[in-house]
A.B. asks: 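Once you've had a glance at the structure underneath, I'll fire off some questions.
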Amino acid sequence: METVNRNLLEKLASLSDNFPKLGIRLSLAAKELQNAGTPPSEGLLEELMAYGRDFATLKKQGLELAKTSQVSAGAISSFTDLENLIKALASTTESSTSQPVLDILNQILAIAHQEQPEFPPLQPVKAKAKELHQLISNTKSDKLPDDAQALIANKHPLSAILTLVKQGKSLDDEQWLELEEKVNASFGKKLMLAISRGKLTIPNDSSPTTSRIKLPALEELEQNIATQPTNTQKPTAPSLPPLIVVPSGGAETAIEDPDVMILEDPTPRGTNPVDEIIIVPGVEVSKNSPTVERPNMMLGETTNQTSAVSVGLKVLVHIQNIGDRIFGSQEYAGTRGQGFRVEAFQINIEPSIPGLNLEYMAHVSDIGDTPWLEAGKLAGERGKGRRIEGFAVRITGIQAGNYDVFYTAHVQNMGDLPVYSNGAYCGTRNQALRVEGIKIWIEPKN
């Protein structure tokens, strides 16, 4: 793949050098033809035919390569279209090769001492991780450096530290001693002592995890729902992904369906854990329909209080490996702890309010800040492997002075951010940290 991309980029550079000069000569020949009827020279026509053949060959190679990648080709009719396609293919290859290593390094950089924020023995670890992160981020080759390959193979001292911090309690004595030797040899005994005492943690660990819960049989679920005393009319809206309330107690069956969202235990801290699991098919329910009260049920994650005058929102997010999902005002739109990035989003006020509208922007990896976009336009890209790293939303229209817009996000290695409002930027820039979910709502001013 590296060789193919290099060849395509070299051919692209050759075309880039040729077509401006060829264009100038054709323009002069056209004037001669217009003014004096002088036909273009045979040499110029041959060069034009050669350029056309080279362009068609490079276009064909690019489109064939795009079929095996996540890049959407679209219509290729100009050199600019062809250049964007080939650069996107090269960028996707680099990202897919280095991203697993960068994810490991991001987790190492997030390690912190519970009592000493600037714990001295941890600083050489952070410095080495930052050095590798910068080196790998700037690598333009499919072949990763030796240190990066050692990280993926769990043979690097940094990998040993991460394994001890995250999985120390589950390691047997032989595994622990082997990793301990690597850490002592590379970073000293003081660091190893802090690890063994449980002083080092990863706050808001957002590394991919597999939640395990026990699910009832489908027939049992349907029977239980059918026997509920409810007069609710049969919904006609299309079904949304089911939401699962997970008890704080344990699990037996892995959930790997991307259409299943794992929610946190809704019971307050200090109370007994939930003894049951409830699966709620996500369907829209009419506001006038009667509801069935059921303990410990969650229909999405929203804030506990709502404003007196509700402003409806339709928030569409495109999530890695899941696709488009639609959420409402104050609903958490995305995932947590699954390692999935938000790649794009779109916001609408629904139902619309005369004189009230909104705009939003985003910072997209490898691209930078988007311009401010009107409601209904997509911020980001679908299927290009690029992450949203931050965003902002602001109110527009003649009614803007009467409303405030609030928003927050869950960011890799940082967790839930504070609430921002009215155009303030929420997230990071150029730190290779993905936004995993967002929450947005509009309230009238008092």
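All residue numbers in this chain count up from 1 along the given sequence.
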A.B. asks: Under 3.5 Å, which donor-acceptor pairs link side chains of residues 174-185 to any protein atom two or more places apart or in another chain?
C.D. replies:
from	atom 1	to	atom 2	distance (Å)
Gln175	OE1	Asp172	N	3.1
Asn184	ND2	Glu180	O	3.4

A.B. asks: With sequence neighbours left out, what residues match Ser159 under side chain to side chain contact (heavy atoms under 4.5 Å, CB included)?
C.D. replies: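 Leu151, Asn154, His156.
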A.B. asks: Within the distance-only criterion (no hydrogens, no angle test), does the side chain of Glu343 pair as donor or acceptor with the backbone N or O of His318 below 3.5 angstrom?
C.D. replies: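 Absent.
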A.B. asks: Taking all non-hydrogen atoms of both residues into account, name the closest pair between Ile202 and Ala110 and its distance.
C.D. replies: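 Looking at all heavy atoms of both residues, the shortest contact is CG2-CB, 3.9 Å.
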A.B. asks: Which residues satisfy the ring pair (Phe, Tyr, Trp, His ring centres under 6.0 Å) test with Phe187, sequence neighbours excluded?
C.D. replies: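 Ring pair (Phe, Tyr, Trp, His ring centres under 6.0 Å) list for Phe187, sorted by chain: empty.
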A.B. asks: Answer yes or no: is there a donor N or O on one side and an acceptor on the other, between the side chain of Glu389 and the main chain of Gly427, under 3.5 Å?
C.D. replies: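 No; zero donor-acceptor contacts below 3.5 Å.
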A.B. asks: Got a sec, which residues hit salt bridge (Lys or Arg N to Asp or Glu O under 4.0 Å) with Lys59, two or more places apart in sequence or on another chain?
C.D. replies: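 For Lys59 there are no salt bridge (Lys or Arg N to Asp or Glu O under 4.0 Å) partners, ignoring immediate neighbours.
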A.B. asks: Give the minimum heavy-atom separation between Thr408 and Pro418, together with the two atoms involved.
C.D. replies: OG1-O, 3.4 Å
A.B. asks: Taking only residues two or more places apart in sequence or in another chain, which ones pass salt bridge (Lys or Arg N to Asp or Glu O under 4.0 Å) with Asp54?
C.D. replies: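 Partners of Asp54 by the salt bridge (Lys or Arg N to Asp or Glu O under 4.0 Å) criterion come out as none, since no residue qualifies.
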A.B. asks: Taking all atoms of both residues into account, what is the closest heavy-atom pair of Ser329 and Ile442, and its distance?
C.D. replies: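 Residues Ser329 and Ile442, closest heavy atoms: OG-N, 4.4 Å.
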A.B. asks: Can you run down the side-chain hydrogen bond (donor to acceptor under 3.5 Å, both in side chains) pairs that involve residues 417-426, sequence neighbours left out, and say none if there aren't any?
C.D. replies: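 Checked against side-chain hydrogen bond (donor to acceptor under 3.5 Å, both in side chains) - neighbours excluded - the pairs reaching residues 417-426 are Asp404-Asn422.
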A.B. asks: Decide, yes or no, whether a salt bridge links Lys439 with Asp416 under the criterion of side-chain N to carboxylate O below 4.0 Å.
C.D. replies: no
A.B. asks: Of Leu162, Thr163, Ile161, which meets side-chain contact (heavy atoms from CB on, under 4.5 Å) against Val165?
C.D. replies: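 Exactly one candidate clears the test, Ile161.
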A.B. asks: Out of curiosity, Glu381 CD to Ser365 OG, how far, rounded to the nearest 0.5 Å?
C.D. replies: 8.5 Å
A.B. asks: Nearest 0.5 Å, what's the NE2-CG distance between His133 and Asn106?
C.D. replies: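 Separation between the atoms: 4.0 Å.
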A.B. asks: How far apart are the closest heavy atoms of Gln330 and Trp441, and which atoms are they?
C.D. replies: CG-CB, 3.2 Å
A.B. asks: Extract all donor-acceptor atom pairs below 3.5 Å that involve side chains of residues 345-360 and protein atoms in other chains or at least two apart in sequence.
C.D. replies:
from	atom 1	to	atom 2	distance (Å)
Gln346	NE2	Gly376	O	3.4
Glu359	OE1	Arg394	NE	2.9
Glu359	OE1	Arg394	NH2	2.9
Tyr360	OH	Ile347	N	3.3
Tyr360	OH	Glu374	O	3.4
Tyr360	OH	Gly376	N	3.2
Tyr360	OH	Lys377	N	3.1
Tyr360	OH	Lys377	O	2.5

A.B. asks: For Ala392, what residues pass the side chain to side chain contact (heavy atoms under 4.5 Å, CB included) criterion, not counting sequence neighbours?
C.D. replies: Met361, Trp372, Tyr407
A.B. asks: With sequence neighbours left out, what residues match Thr201 under side chain to side chain contact (heavy atoms under 4.5 Å, CB included)?
C.D. replies: Gln114, Pro203
A.B. asks: Quick one: side chains of residues 117-129, donor-acceptor pairs under 3.5 Å with protein atoms, not counting sequence neighbours, listed by atom name and distance.
C.D. replies:
from	atom 1	to	atom 2	distance (Å)
Gln123	NE2	Phe119	O	3.1
Lys126	NZ	Leu109	O	3.3
Lys126	NZ	Ile111	O	2.9

A.B. asks: Exactly one of Val311, Val405, Asn402 should register a side-chain contact (heavy atoms from CB on, under 4.5 Å) with Ile395. Which one does?
C.D. replies: Val405
